[in-house]
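Here is the structure we will look at.
Predicted model only: the values in this text are computed from it and were never measured.
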Amino acid sequence: MIVRRGYRPPPSYHIDRLRTAPPGHFFDIITRGFGSMPDHAEQIPPRDRWAIVAYIRALQLSQNATLGDVPEKERSSLLKKEK
């Protein structure tokens, strides 16, 4: 939607630069803004900003997880589904 309004497309959260960025990077961008993105410090309380950061990390993990990232108890059920 923002691209339709003339803004540049945002980068994917799955590129290496953002996947390896510290959590504070995302918190800071939400707080202070970046480029054409305005700050959201007044609209989003700090606790919610950290929740957004955690969600971004969950999205990143979901695209780059390995079987080794799955808890041992859950691995066997995943392996059974593959067969």
Side-chain angles (χ1 to χ4, degrees):
M1 186 57 89
I2 63 168
V3 175
R4 289 183 190 170
R5 294 181 181 163
Y7 291 97
R8 289 185 7 206
S12 169
Y13 288 125
H14 305 295
I15 63 173
D16 287 340
R17 178 176 61 83
L18 293 181
R19 228 180 24 247
T20 59
H25 170 76
F26 298 104
F27 184 88
D28 189 54
I29 287 178
I30 296 167
T31 303
R32 299 180 184 172
F34 182 80
S36 60
M37 180 180 144
D39 72 272
H40 288 84
E42 294 297 318
Q43 296 92 337
I44 304 173
R47 181 180 175 132
D48 291 345
R49 283 180 250 159
W50 285 117
I52 292 167
V53 171
Y55 184 72
I56 291 169
R57 282 293 188 229
L59 289 173
Q60 290 171 325
L61 263 175
S62 75
Q63 298 299 305
N64 295 292
T66 65
L67 192 57
D69 295 322
V70 178
E72 188 69 40
K73 291 180 180 180
E74 304 297 322
R75 286 183 203 171
S76 60
S77 66
L78 288 175
L79 293 173
K80 288 177 188 174
K81 290 178 185 179
E82 287 182 359
K83 293 178 183 179

**OP:** Step through the shown structure and confirm whether more than 12 heavy atoms of other residues, nucleotides or ligands are within 6.0 Å of CZ on R75.
**Re:** yes
Subject >> Residue Q43 excluded, over 12 heavy atoms near CD under 6.0 Å >> reply: yes
Of all heavy-atom pairs between [X] and [Y], which one has the smallest distance, and what is that distance?
X   : Y   : result
I15 : P11 : CD1-CB, 4.1 Å
T31 : R49 : OG1-NH1, 2.7 Å
R19 : N64 : CD-ND2, 2.9 Å
Y13 : Q60 : O-NE2, 2.8 Å

Original post:
What residues, two or more places apart in sequence or in another chain, satisfy ring pair (Phe, Tyr, Trp, His ring centres under 6.0 Å) together with F27?
Top reply: W50
Original post:
Taking the side chain from R32 and the backbone from D39, do they hold a donor-acceptor pair closer than 3.5 Å?
Top reply: no
Original post:
Any donor-acceptor pair under 3.5 Å linking the side chain of D28 with the backbone of G24?
Top reply: no
Please enumerate all residues that pass side-chain contact (heavy atoms from CB on, under 4.5 Å) together with [X], with sequence neighbours excluded.
X   : result
R8  : none
E74 : V70, P71, S77
F34 : I29

Original post:
If you measure from OG on S62 to CG on D69, what distance do you get to the nearest 0.5 Å?
Top reply: 11.5 Å
Subject >> Any residue meeting side-chain hydrogen bond (donor to acceptor under 3.5 Å, both in side chains) with Q63, in chain and number order, not counting sequence neighbours >> reply: none
**OP:** Go through the structure and list residues passing side-chain hydrogen bond (donor to acceptor under 3.5 Å, both in side chains) with D48, not counting sequence neighbours.
**Re:** none
Subject >> Stepwise side-chain contact (heavy atoms from CB on, under 4.5 Å) check, H25 with V53 >> reply: CA-CA 9 Å; H25 170 76; V53 171; over 6 Å; no
